[in-house]
> 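I have a structure here, written as structure tokens, and I will follow up with some questions on it.
What you see is a predicted model, and the numbers here were worked out from it, not measured in a lab. Excluded from the calculations below are hydrogen atoms, water molecules and symmetry mates; all remaining heavy atoms, backbone and side chain alike, are included. Below, chains carry the letters A, B, ... as their sequence lines are ordered, and counting in each starts from 1.
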Amino acid sequence: MAGSDPKDNPYLAHHYNGRKGAGPSTPSPSIKEPLSGFRPRKVTGEQVRKALNGDINPFTKQRHTPQYRKILEARKKLPVYAQMDEFLKIFSENQVIVVVGETGSGKTTQIPQFVVYSDLPHTKGKLVACTQPRRVAAMSVAKRVADEMDIQLGRHVGYSIRFEDMTEPGTTFLKYMTDGMLLREAMKDPSLERYSTIILDEAHERTVATDVLMGLLKGVAKRRSDLKIIVMSATLDALKFQNYFSLRSGVSTPLFKVPGRTYPVEVIYTQEPEPDYVEAAIRTVLMIHRAEEEGDVLVFLTGEKEIEDACRKIRLDAEDLINQDSESVGPLVCIPLYSSLPPQQQQRIFDAPPAARSTGGPRGRKVVVSTNIAETSLTIDRIVYVVDPGFSKQKGYIPRIRAESLLVSRISKASAQQRAGRAGRTRPGKCFRLYTEKDFMSEMEEQTCPEILASNLTITVLELVKLGIKDLVRFDYVDAPAPEALTRAIELLYYLGALDNGNLTALGATMAEFPIDPQLSKLLIVSPEFKCSNEMLTITAMMSVPNVWFRPYDQKQQADAAKALLTLPDGDHLTLLNVYNQYKRNIHDKNWTWTHFLSHRALQQAGNVRAQLQRTMERFNIDLLSLSDEKELYTNIRQTLVCGFFMQVAHKGEKGNYLTVKDNQIVVLHPSCGLKPQPKWVLFNEFVLTTGPFIRTVSEVKPEWLLEYAGGYFDISTFPKGETKRALQRIINKKASKSSARVDSGKDDRKAKKKKNKGMKTKVSNKKKV
DNA sequence: GAGCACTGC
């Protein structure tokens with residue numbers, strides 16, 4: 001038989017030779033090669049089971065540890081393990097497979113291992129990739145699978161996320177990674193040649209990156225018959241993916257179903273709609289505490305204020321309840337949970353429930369009141385009761401006015417199902433839905449809106465163009481964005497100079513290398529012309545991370561006072577620069593961030609992003625410059641901002657309110673804005689519709705700069721009639737009369753000329769990069 | 001008078 005001597009097996013020769021005389025753990029030649037007789041993609045379940053039960057690890061050639069055997073026995077109890085033969089058969093016979101499995105099915109850990117045993121990527125110098133929407137998931141699943149395979153993490157099994165590559169080139173053949181990371185790799189190699197199989201996990205979450213990858217991979221599969229694709233999803237939108245990959249390819253995509261392994265959850269609806277869901281949620285928590293047996297409670301609300309208010313009321317009401325009947329009602333702790341909470345406070349959700357006040361007395365209960373963060377990102381143990389009012393804050397995007405929105409909206413059925421599932425992780429549970437069954441059936445959407453339909457697509461469009469997609473409107477999206485969303489993105493890229501006649505310019509190609517919004521990468525590229533690239537690097541990094549300011553519910557005044565100390569009057573962008581510089585100056589003082597109400601995690605992340613962006617700048621020979629004169633430096637920084645954010649400018653009208661230029665939208669400075677007094681012209685980073693039309697991260701600009709550095713957009717003839725146009729016209733007239741007066745007197749406006757040269761230099765240096 | 005959750009060689 002071919003496998004009697006491992007050297008006869010072409011797939012194992014490399015490994016066998018590599019181990020020759022490698023020490024006491026080297027198997028003697030009499031021990032049979034664990035993978036002998038394995039033919040790639042023709043492997044059977046029987047063969048895999050035999051290898052799994054064998055003494056020798058087929059990948060490391062070491063003896064299996066006792067720990068391995070223990071984990072293997074647990075793996076054998078997973079529902080998916082029993083379906084190994086069926087999976088391997090489908091994998092052998094198809095190029096694309098859709099896998100559906102509820103939580104607890106083991107699909108994320110087991111399917112990639114089945115694939116490895118069948119595909120044998122290490123024998124052809126390829127990898128199997130499995131993508132996750134979140135970094136923590138990629139890391140923790142890779143660790144788990146490395147343990148299951150008896151392999152040191154980072155060797156044959158590894159992970160790759162932004163800022164951390166835990167893989168060994170040439171050795172790693174199973175790689176967990178974030179979906180964004182694979183998308184970045186695709187921009188370098190659009191056929192993803194390194195991979196023999198790509199598994200897109202959690203596809204139902206429909207992140208922009210997963211959606212773009214699905215569209216891309218559908219095309220790659222046609223060119224590369226050797227590439228296998230597996231799309232894994234938790235809910236029944238798997239049918240949608242199945243149709244998507246079958247359509248027009250002429251081959252139907254099989255569906256592989258894996259049963260979940262969670263405990264049953266009883267779902268209880270209200271008889272009548274609840275007019276006030278917060279009040280109803282509080283009432284339900286107390287009803288559970290009074291009447292239901294032991295077990296912790298998870299309540300879903302929509303935001304920080306709502307959660308803090310509800311926690312306070314629950315604590316007060318629980319106290320009343322205990323005072324009335326301390327014999328039968330146990331102690332209760334109520335813990336808020338949302339992302340902007342400092343990490344130490346987030347940790348409280350893992351505390352044990354309070355102990356009974358006396359031995360034999362009524363048991364204590366933990367209540368966690370959380371945003372959607374507990375729906376997917378964080379898992380809390382021992383939750384038995386879920387209270388689901390049916391709402392969450394959801395992001396939207398209005399392309400017409402380029403505004404993001406964040407509004408309380410009804411959740412989808414899929415989301416409600418996910419919330420209910422959180423009650424059944426340790427034992428059978430109950431889910432109290434604070435809406436009627438009729439509303440569930442008729443008022444709620446099946447699926448949460450895919451992110452690609454609710455996002456600003458500027459960076460996505462730039463990525464697609466870089467991936468070689470010529471016709472963005474006819475690209476094969478799973479769900480196509482509104483044409484207006486695409487045209488608005490294309491328009492902005494055109495004004496930024498990234499696109500020309502539908503083609504990527506040299507400038508655009510450079511911009512695409514930066515993992516930040518195109519407006520921001522444009523700033524970095526032009527900043528040397530204004531001698532402030534070191535500072536722009538900091539500011540763009542700070543604008544690319546979450547809000548660095550904490551504003552705890554019960555210390556608002558102290559937080560505001562701390563923030564005022566670091567605020568610069570010229571604008572929020574310069575304040576961001578100041579905060580980062582002060583943070584670096586005080587980096588050895590462990591209490592500094594805490595006493596200034598700043599998020600250490602966010603600032604650290606800004607440092608990481610800054611270093612990454614700096615490496616990219618160096619790669620493209622973009623000079624890192626600073627000016628020693630602070631006043632001039634600050635002015636130049638604000639001028640640089642105009643080069644990227646010229647479309648995000650507002651002008652204060654005669655009535656004292658701000659109007660965005662061209663779109664004429666009424667906007668209000670966000671209360672977090674540090675500008676005083678309110679200037680005539682402002683440039684902003686974000687326009688968000690929440691409780692009002694707010695602009696956030698705002699700096700003062702001079703109208704002359706708009707005409708000078710963004711003349712293409714500020715072409716007066718393209719402006720709608722109105723206050724803003726009249727104001728700009730006045731500036732132009734003033735300038736014209738000034739310069740004609742100067743020409744008459746034979747003087748030269750040296751300053752204006754110098755600035756003009758700057759703009760030209762920018763253009764020339766962009767062209768140099770062709 | 002105030003922001004759900006993620007992510008990026």
> Relative to each other, are the rings of A:F440 and A:Y435 parallel, tilted or perpendicular (30° and 60° limits)?
parallel

> For a quick test of reading the model: is some side-chain N or O of A:R135 closer than 4.0 Å to OP1 or OP2 of B:dG8?
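Answer is yes, contact under 4.0 Å.
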
> NA contact type, A:L183, heavy-atom cut-off 4.0 Å: base, sugar-phosphate, or nothing?
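It contacts nothing in the nucleic acid.
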
> Given atom NE2 of A:H670 and atom C1' of B:dG1, what is their separation to the nearest angstrom?
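Checked: the NE2 to C1' distance equals 9 Å.
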
> With respect to the side chain of A:F694, which nucleotide from B:dA2, B:dG8, B:dC6 is positioned closest?
B:dA2

> Which whole-number value in Å describes the distance from A:Q678 CD to B:dG1 P?
12 Å

> In whole angstrom, give the distance that lies between atom NZ of A:K563 and atom C1' of B:dG1.
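That distance rounds to 12 Å.
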
> Would A:R162 and A:V609 count as a side chain to side chain contact (heavy atoms under 4.5 Å, CB included) here? Give the steps.
CA-CA 9 Å; A:R162 191 184 191 185; A:V609 173; 3.9 Å; yes

> Would you kindly compare A:E513 and A:T207 by the position of their nearest DNA chain B nucleotide and give the one closer to the 5′ end?
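Nearest nucleotide further toward 5': that of A:T207.
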
> To the nearest Å, give me how far apart CG (A:N547) and P (B:dA5) are.
12 Å

> If you look at every strand shown and take non-hydrogen atoms under 4.0 Å, does A:Y338 touch a base, only sugar-phosphate, or nothing?
sugar-phosphate

> Report the distance from atom CE of A:M139 to atom P of B:dC6, rounded to the nearest whole Å.
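After rounding, the reported distance stands at 14 Å.
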
> The side chain of A:S339 lies closest to which of these nucleotides: B:dA2, B:dG8, B:dA5?
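Comparing B:dA2, B:dG8, B:dA5 against the side chain of A:S339, the answer is B:dA5.
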
> Which atom names give the shortest non-hydrogen contact between A:L496 and A:K522, and what distance separates them?
O-NZ, 2.9 Å

> Between A:D381 and A:R425, is the closest basic N to carboxylate O distance under 4.0 Å?
no

> Check every strand shown and say whether A:E205 touches a base, only sugar-phosphate, or nothing at a heavy-atom separation below 4.0 Å.
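Nothing, no nucleic acid heavy atom in range.
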
> To the nearest Å, how far apart are A:D201 CG and B:dC6 P?
18 Å

> Under 4.0 angstrom, heavy atoms only, what part of the nucleic acid is A:E185 near: base, sugar-phosphate, or nothing?
base

> Looking for any heavy atom pair under 4.0 Å, which part of the strands does A:K395 touch: base, sugar-phosphate only, or nothing?
base

> Would you kindly give the CE-to-C1' distance between A:M181 and B:dC6, to the nearest whole Å?
16 Å

> Taking only Lys NZ, Arg NE, NH1 and NH2, and the carboxylate oxygens of Asp or Glu, determine whether A:E202 and A:R134 approach each other closer than 4.0 Å.
no

> Give the rounded distance in Å between these two atoms: CD1 of A:I695 and P of B:dG1.
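From A:I695 CD1 to B:dG1 P: 16 Å.
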
> Any idea which of B:dA2, B:dC6, B:dG8 is nearest the A:P515 side chain?
B:dG8

> If you look at every strand shown and take non-hydrogen atoms under 4.0 Å, does A:E686 touch a base, only sugar-phosphate, or nothing?
base

> With a 4.0 Å cut-off on heavy atoms, is A:T302 in touch with a base, just the backbone sugar-phosphate, or nothing at all?
sugar-phosphate

> Set out, in order, the CA-CA distance, both residues' side-chain angles and the distance that settles side chain to side chain contact (heavy atoms under 4.5 Å, CB included) for A:V579 and A:W549, then state yes or no.
CA-CA 10 Å; A:V579 168; A:W549 302 99; 3.5 Å; yes

> Give a yes/no answer on whether the side chain of A:T178 brings an N or O atom under 4.0 Å of OP1 or OP2 in B:dG8.
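For B:dG8, OP1 or OP2 has a side-chain N or O of A:T178 closer than 4.0 Å.
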
> Can you tell which of B:dG8, B:dC6, B:dA2 lies closest to the side chain of A:R134?
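Minimum distance to the A:R134 side chain belongs to B:dC6.
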
> Heavy atoms from C-beta onward define the side chain here; which of B:dC6, B:dG8, B:dA2 lies closest to that of A:I373?
B:dC6

> Heavy-atom nearest nucleotide on DNA chain B for A:P671 versus A:Q605: which residue maps closer to 5'?
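Taking each residue's closest nucleotide, the earlier one in sequence belongs to A:P671.
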
